[in-house]
**Q** 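I have a structure I would like to understand better, so I am pasting it below and will then ask my questions one at a time.
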Amino acid sequence: MKRALSIALALIMLLALAACGTEQVKETQPSETQGEASAPAESAAAETPEGSPEASGEPEDSQSPVLLSAESVWEYDFNSDGESGAQLYGEDDFQSYGPCDFYVDGETVYILNSAANAVTVYVSGKAERYIELDGKGINGMQLGVNGGDIYVLGVNHEDNGLALVRIGKDGVKHDTPFTEFAGGAAAAVSLDVFGGKLYLSTDEGAGGSTYIFDLSDENAEQNYTSVDGAVLSDGTRYVPNLTPEGGFGFGQTASLAVTHTDGETTDISVTTEHILGGIGLVGVFPDGSCCVRVVEVILGMDYTDYTSVETFMLFGKDGEYLGGYEAPEETVNTGRTVKLFGGELYILNTLEDTTEVVRMDESWFKA
């Protein structure tokens, strides 16, 4: 994935990524009635798309299924509400907008589109529900799902502060107090929801901290515990560390300390050719091997622009490097998302004429 921005923004991004060790990416529409929607234009067939392992030279025996392949008609108009079946995107001086986050619950896929500021819910590949977030008073950045309730982390319309809201299955918005407890709203950087708990990651400390809330009682003031680092949905915990160089908050070396669900640990070290903009663990396969997301930043000759290259690396449980996968360049460049659901890794791709969610496996990674 590539983008060109000012050097000032590049440094801001690097410092932010160095603090939290993670980063992020964006989606389509029908019309809302109490949070429900009529079906939009038909989705593309769930076939192996361009950019999948098979299409990009990966082994033909890879059986990674395309969970969602929604036809996209890209409209470069950030202010447009769009029409049924259209994927919106846009950009300003700071970032791009479009499909940026997703959640998988069996055959149901939730996609958050920051350009349309809406969540589309797909069931078996077809859009069944469309939720406009402007009416909820929030610009969405990330989402999680618990029992059909949608949690959206974003910026509220009142004071542009960070906020977290819950949208029930009936489409009604409920404010939640979680960001107030997690070291202040400014510290929150990401969320995940699974197993009846909400995980709110913050930039506190060298490797960040994660607050864990019990969703059975949202208003309890002491309804949480906290751990160092970040927590995946299978319970794996990791602490990132970017090694600063030359007086900056970033360099070309980083490490991850991974604690597996069985209590064993894996220490991973990464050294890159270019500036290391971010690193994070995205998932662990059944044999204990770890998929790590690495973002390198290549500054232009005059330092007025940069190119970011995103790679997924596979390490064994002993920390040995096993292979890598460089994701295809996106049509809508909003940062890519790979997430863990039900012990499986899924990647969100915005390609030339589709937005897709594809399950990854170890055959994707080349030594």
Side-chain angles (χ1 to χ4, degrees), residues 1 21-26 46 48-49 51-56 58-59 61-69 99-112 122 142-145 190-195 199 201 229-238 240 256 258-262 266 268 270 278-295 310-317 319 321-328 330 335-351 355-367:
M1 57 186 288
T22 57
E23 185 196 317
Q24 254 84 13
V25 184
K26 308 179 194 200
T48 303
S52 70
E54 183 176 336
S56 57
E58 295 293 341
D61 60 357
S62 172
Q63 297 300 312
S64 300
V66 178
L67 188 63
L68 173 68
S69 182
C100 64
D101 200 6
F102 72 110
Y103 191 93
V104 174
D105 183 9
E107 294 297 313
T108 303
V109 179
Y110 302 75
I111 294 188
L112 171 61
Y122 294 88
Q142 297 176 44
L143 84 162
V145 178
S190 67
L191 89 157
D192 202 350
V193 181
F194 54 89
Y199 294 75
S201 296
V231 182
L232 300 182
S233 62
D234 64 350
T236 303
R237 183 165 59 91
Y238 71 95
L256 287 176
V258 180
T259 302
H260 296 266
T261 55
D262 60 7
T266 298
I268 295 171
V270 173
I279 186 171
L281 180 70
V282 294
V284 177
F285 290 106
D287 62 359
S289 58
C290 302
C291 177
V292 175
R293 180 174 183 269
V294 175
V295 179
E310 185 175 27
T311 304
F312 296 93
M313 299 182 178
L314 188 66
F315 293 85
K317 199 170 184 179
Y321 174 75
L322 300 178
Y325 170 69
E326 185 173 329
E330 296 183 290
R336 190 179 307 276
T337 297
V338 173
K339 299 177 76 171
L340 184 74
F341 301 104
E344 302 279 2
L345 278 179
Y346 294 86
I347 185 169
L348 171 66
N349 291 322
T350 56
L351 304 178
T355 293
E356 63 176 23
V357 174
V358 187
R359 189 176 69 191
M360 302 174 69
D361 63 37
E362 291 169 275
S363 68
W364 287 46
F365 301 90
K366 292 182 177 179

**Q** Dump the intermediate steps for side chain to side chain contact (heavy atoms under 4.5 Å, CB included) on Tyr122 and Ile111, then the final yes or no.
**A** CA-CA 8 Å; Tyr122 294 88; Ile111 294 188; 4.2 Å; yes
**Q** Mind listing the closest non-hydrogen atom pair of Thr266 and Lys317 along with its distance?
**A** OG1-O, 2.6 Å
**Q** Report yes if some heavy atom in the side chain of Asp192 is under 4.5 Å from a heavy atom in the side chain of Val231; otherwise report no.
**A** no
**Q** Donor-acceptor pair, distance only, cut-off 3.5 Å: does the side chain of Thr337 make one with the backbone of Leu348?
**A** no
**Q** If every non-hydrogen atom of Cys290 is compared with every non-hydrogen atom of Val258, which pair is closest and at what distance?
**A** SG-CG1, 4.4 Å
**Q** To the nearest 0.5 Å, tell me how far Leu67 CG sits from Thr108 OG1.
**A** 9.0 Å
**Q** Looking at every non-hydrogen atom in both residues, tell me the closest pair between Tyr321 and Lys366 and how far apart they are.
**A**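 In this case the closest contact between Tyr321 and Lys366 is OH-O, 4.1 Å.
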**Q** Can you confirm whether Met360 sits close enough to Val358 that some side-chain heavy atom of one is under 4.5 Å from a side-chain heavy atom of the other?
**A** no
**Q** To the nearest 0.5 Å, tell me how far Asn349 CG sits from Glu356 CD.
**A** 4.5 Å
**Q** State, yes or no, whether a side-chain contact exists between His260 and Val284 at a heavy-atom distance under 4.5 Å.
**A**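 Yes, close enough: below the 4.5 Å cut-off.
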**Q** How far apart are the closest heavy atoms of Val109 and Val104, and which atoms are they?
**A** CG2-CG2, 4.5 Å
**Q** Apply the side-chain contact (heavy atoms from CB on, under 4.5 Å) test between Thr236 and each candidate in Leu340, Leu281, Thr259, Asp262; give the one that qualifies.
**A** Leu281
**Q** Assert yes or no for the condition that the ring centre distance of Phe341 to Phe102 is strictly below 6.0 Å.
**A** yes
**Q** Mind checking the CD1-CZ spacing from Ile347 to Arg359? Nearest 0.5 Å is all I need.
**A**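 It comes to 14.0 Å.
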**Q** Would you say that Phe315 contacts Val270 through its side chain, given a criterion of any heavy-atom pair below 4.5 Å between the two side chains?
**A** yes
**Q** Rounded to the nearest 0.5 Å, what separates atom CG in Asp105 from atom OH in Tyr110?
**A**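 OH of Tyr110 is found 5.5 Å from CG of Asp105.
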**Q** Would Phe285 and Leu314 satisfy side chain to side chain contact (heavy atoms under 4.5 Å, CB included), going step by step from the backbone distance to the final call?
**A** CA-CA 10 Å; Phe285 290 106; Leu314 188 66; 3.7 Å; yes
**Q** To check you understand the geometry: which heavy-atom pair defines the closest contact between Thr261 and Gly235, and what is its length?
**A** CG2-C, 3.8 Å
**Q** Would Lys339 and Asp101 pass as an ion pair if we require N to O under 4.0 Å?
**A**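 Looking at Asp101 together with Lys339, the answer is yes, because their closest N to O distance falls below 4.0 Å.
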**Q** Parallel, tilted or perpendicular for Phe194 and Tyr199, by the 30°/60° rule?
**A** parallel
**Q** Find the distance between CG (Asp234) and CD (Glu344) and round it off to the nearest 0.5 Å.
**A**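 Asp234 CG to Glu344 CD: 11.5 Å, rounded to 0.5 Å.
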**Q** Would you check, one step at a time, whether the test side chain to side chain contact (heavy atoms under 4.5 Å, CB included) holds for Asp287 with Glu362?
**A** CA-CA 10 Å; Asp287 62 359; Glu362 291 169 275; 3.0 Å; yes
**Q** Look up atom OH in Tyr325 and atom OG1 in Thr311, then write down how far apart they are to the nearest 0.5 Å.
**A**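 It is 10.5 Å, given to the nearest 0.5 Å.
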**Q** Given 3.5 Å as the limit, does a donor-acceptor pair link the side chain of Tyr103 with the main chain of Val193, or not?
**A** yes
